[in-house]
Participant: 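Structure below; questions to follow.
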There are 2 protein chains.
Amino acid sequence: MSSKAESYIYKKVISIGTVCELTGLSERQIRYYEKRKLIFPERSERGNRKYSFSDVEALMEIANKIEEGMQTSELRKELNMKQSTSYEHAVKETMIRGQLNAYFNKRQ
Amino acid sequence: MSSKAESYIYKKVISIGTVCELTGLSERQIRYYEKRKLIFPERSERGNRKYSFSDVEALMEIANKIEEGMQTSELRKELNMKQSTSYEHAVKETMIRGQLNAYFNKRQ
DNA sequence: CGTGTAAGGAATTCTGACACG
DNA sequence: CGTGTAAGGAATTCTGACACG
């Protein structure tokens with residue numbers, strides 16, 4: 001009754017001020033990393049940015065990498081790679097599933 | 001690297017406006033249930049209420065019970081019962097652990 | 001490139017109170 | 001008892017810009 005396995009991790013409910021407290025970053029920094037397409041907050045009706053816990057984690061990793069001298073463009077490339085990799089995985093899975101379906105459809 | 005098992009469910013990071021959206025309740029209602037000691041938000045430095053996902057779930061249950069005609073005083077009693085029950089459990093566990101410790105200490 | 005800051009406006013949140021019932 | 005509302009102030013958030021480098 002009180003525990004649904006909805007992933008609260010991805011729910012965008014945290015406002016920028018709270019994200020600042022959680023990450024130690026400034027609003028300026030957080031908005032800049034958004035501009036560089038490293039994070040993707042949602043917007044409330046009024047237009048206020050809303051972040052998830054997942055975003056907060058991502059921001060802390062970004063902050064570390066930046067401190068180490070990495071540039072946002074490089075971080076952006078990393079992100080693209082991760083995404084294309086999981087995209088390829090998805091494609092592979094879809095293909096296999098297609099083969100399985102074809103197989104079973106023949107037998108039905 | 002990106003998944004820590006911290007319970008985000010209990011982290012107080014959601015502001016009252018967002019809680020309104022998530023629960024469908026008014027700010028007035030949410031503050032009133034706090035006054036009746038049914039929920040316990042934290043406060044930011046400035047004094048703004050911060051809620052957890054757990055609070056949001058609790059509020060939705062409260063809202064249901066209220067709709068069914070239950071009063072906040074009754075809900076408060078329910079809460080006391082739940083808490084005293086888990087308190088009793090904790091006491092029992094502590095006692096058993098004490099016996100175990102006593103047992104092993106003797107043998108050392 | 002990454003970040004600080006002052007600027008001005010619009011929405012947010014807070015509290016205590018009047019109101020109905 | 002539970003909730004709506006107008007009131008006034010204080011903090012929040014937003015955007016675009018100037019700045020340094």
Side-chain angles (χ1 to χ4, degrees), chain A residues 11-80, chain B residues 11-80:
Chain A
K11 205 139 197 183
K12 310 267 185 176
V13 295
I14 314 175
S15 57
I16 196 164
T18 305
V19 174
C20 290
E21 290 174 20
L22 294 173
T23 62
L25 298 171
S26 67
E27 292 186 15
R28 186 74 163 96
Q29 289 173 305
I30 295 169
R31 294 201 191 101
Y32 182 65
Y33 301 150
E34 177 185 355
K35 188 177 217 174
R36 302 315 309 273
K37 302 195 174 169
L38 298 177
I39 48 170
F40 308 92
E42 290 182 355
R43 298 283 183 136
S44 69
E45 313 131 38
R46 192 279 214 188
N48 287 13
R49 274 168 264 249
K50 293 295 176 188
Y51 302 84
S52 64
F53 282 113
S54 173
D55 290 328
V56 171
E57 287 187 8
L59 280 167
M60 297 178 84
E61 288 189 30
I62 291 167
N64 286 334
K65 302 274 179 65
I66 294 268
E67 267 188 271
E68 291 168 14
M70 199 169 289
Q71 291 189 202
T72 55
S73 57
E74 301 178 74
L75 287 167
R76 177 63 204 160
K77 278 177 203 160
E78 272 188 20
L79 205 59
N80 279 332
Chain B
K11 204 139 200 184
K12 310 265 186 177
V13 295
I14 314 176
S15 57
I16 196 165
T18 305
V19 174
C20 290
E21 290 175 21
L22 293 174
T23 61
L25 298 171
S26 67
E27 293 186 14
R28 186 74 164 96
Q29 289 173 305
I30 295 169
R31 294 199 191 101
Y32 182 65
Y33 302 151
E34 177 185 354
K35 188 176 216 174
R36 304 314 310 271
K37 303 197 174 166
L38 298 177
I39 48 169
F40 308 92
E42 292 182 353
R43 296 282 183 138
S44 69
E45 313 131 39
R46 193 279 217 189
N48 287 12
R49 274 167 263 248
K50 294 295 177 188
Y51 303 85
S52 64
F53 281 112
S54 174
D55 291 328
V56 171
E57 287 187 9
L59 280 168
M60 296 178 83
E61 289 189 29
I62 292 167
N64 286 332
K65 302 275 180 62
I66 295 268
E67 269 189 90
E68 291 168 14
M70 198 169 288
Q71 290 189 204
T72 55
S73 57
E74 300 179 72
L75 287 167
R76 178 63 202 159
K77 278 177 202 160
E78 272 188 20
L79 205 59
N80 279 334

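Numbers restart at 1 for each chain; the letters A, B, ... are given by sequence-line order, proteins then strands. Given the structure is predicted, the values throughout are model-derived calculations rather than measurements.
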Participant: So, does A:Arg49 get its side chain near the phosphate of D:dT13, meaning an N or O under 4.0 Å from OP1 or OP2?
Facilitator: no
Participant: Whole Å only: how far is the NZ atom of A:Lys35 from the P atom of C:dG4?
Facilitator: 15 Å
Participant: Under 4.0 Å: is that the gap between some side-chain N or O of A:Arg46 and OP1 or OP2 of D:dC14?
Facilitator: no
Participant: Could you state the atom-to-atom distance from CD1 of A:Ile16 to P of C:dA11 in whole Å?
Facilitator: 18 Å
Participant: For DNA chain C, whose closest nucleotide is more 5', that of B:Arg43 or that of A:Glu27?
Facilitator: A:Glu27
Participant: Between atom CD1 in A:Ile62 and atom P in C:dG2, what is the gap in whole Å?
Facilitator: 11 Å
Participant: From CD of B:Glu42 over to C1' of C:dT13, roughly how many Å is that when rounded to an integer?
Facilitator: 17 Å
Participant: State, with a plain yes or no, whether a side-chain heavy atom of B:Leu75 is found less than 4.5 Å away from one of B:Ile66.
Facilitator: yes
Participant: Toss me the dot-bracket line for DNA chain C: Watson-Crick and G-U wobble, both under 3.5 Å, 5' to 3', using | for pairs to another strand and [ ] for crossers.
Facilitator: .||||.||.|.|.||.||||.
Participant: Are A:Glu74 and A:Lys65 close enough, and set up right, to give a salt bridge (Lys or Arg N to Asp or Glu O under 4.0 Å), and what steps lead you there?
Facilitator: CA-CA 10 Å; A:Glu74 301 178 74; A:Lys65 302 274 179 65; over 6 Å; no
Participant: Rounding to an integer number of Å, can you tell me how far A:Gln71 CD sits from C:dT3 C1'?
Facilitator: 14 Å
Participant: Roughly how many Å is it from CD in B:Glu21 to P in C:dA11, rounded to a whole number?
Facilitator: 15 Å
Participant: Are side-chain heavy atoms of B:Ser15 and B:Asn48 found at a separation under 4.5 Å?
Facilitator: no
Participant: How many angstroms lie between atom CD of A:Glu34 and atom CG of A:Asp55, to the nearest 0.5 angstrom?
Facilitator: 9.5 Å
Participant: Does A:Ile66 or A:Ser44 map to a spot on DNA chain C nearer the 5' end, using the closest nucleotide for each?
Facilitator: A:Ile66
Participant: So which nucleotide from C:dT13, D:dG2, C:dG2 ends up closest to the side chain of B:Thr72?
Facilitator: D:dG2
Participant: For B:Ile39 and B:Ala58, which heavy atoms make the closest approach, and how far apart are they?
Facilitator: CG2-CB, 4.4 Å
Participant: Between B:Arg43 and B:Arg49, is any pair of side-chain heavy atoms under 4.5 Å apart?
Facilitator: yes
Participant: Answer yes or no: does a side-chain N or O of A:Ser15 lie under 4.0 Å from OP1 or OP2 of C:dT12?
Facilitator: no
Participant: Nearest heavy atom decides the nucleotide; on that basis, is A:Thr18 or B:Arg28 closer to the 5' end of DNA chain D?
Facilitator: B:Arg28
Participant: OP1 or OP2 of C:dG2 less than 4.0 angstrom from a side-chain nitrogen or oxygen of A:Tyr33, does that happen here?
Facilitator: no
Participant: Rounded to whole angstroms, how far apart are CD1 on B:Ile30 and P on C:dT15?
Facilitator: 14 Å
Participant: What is the distance from CZ of A:Arg31 to P of D:dG16, rounded to the nearest Å?
Facilitator: 11 Å
Participant: Between B:Tyr32 and B:Asn48, which residue's closest nucleotide on DNA chain D lies nearer the 5′ terminus?
Facilitator: B:Tyr32
Participant: Taking the side chain as C-beta and beyond, is there a heavy-atom pair between A:Leu25 and A:Tyr33 under 4.5 Å?
Facilitator: yes
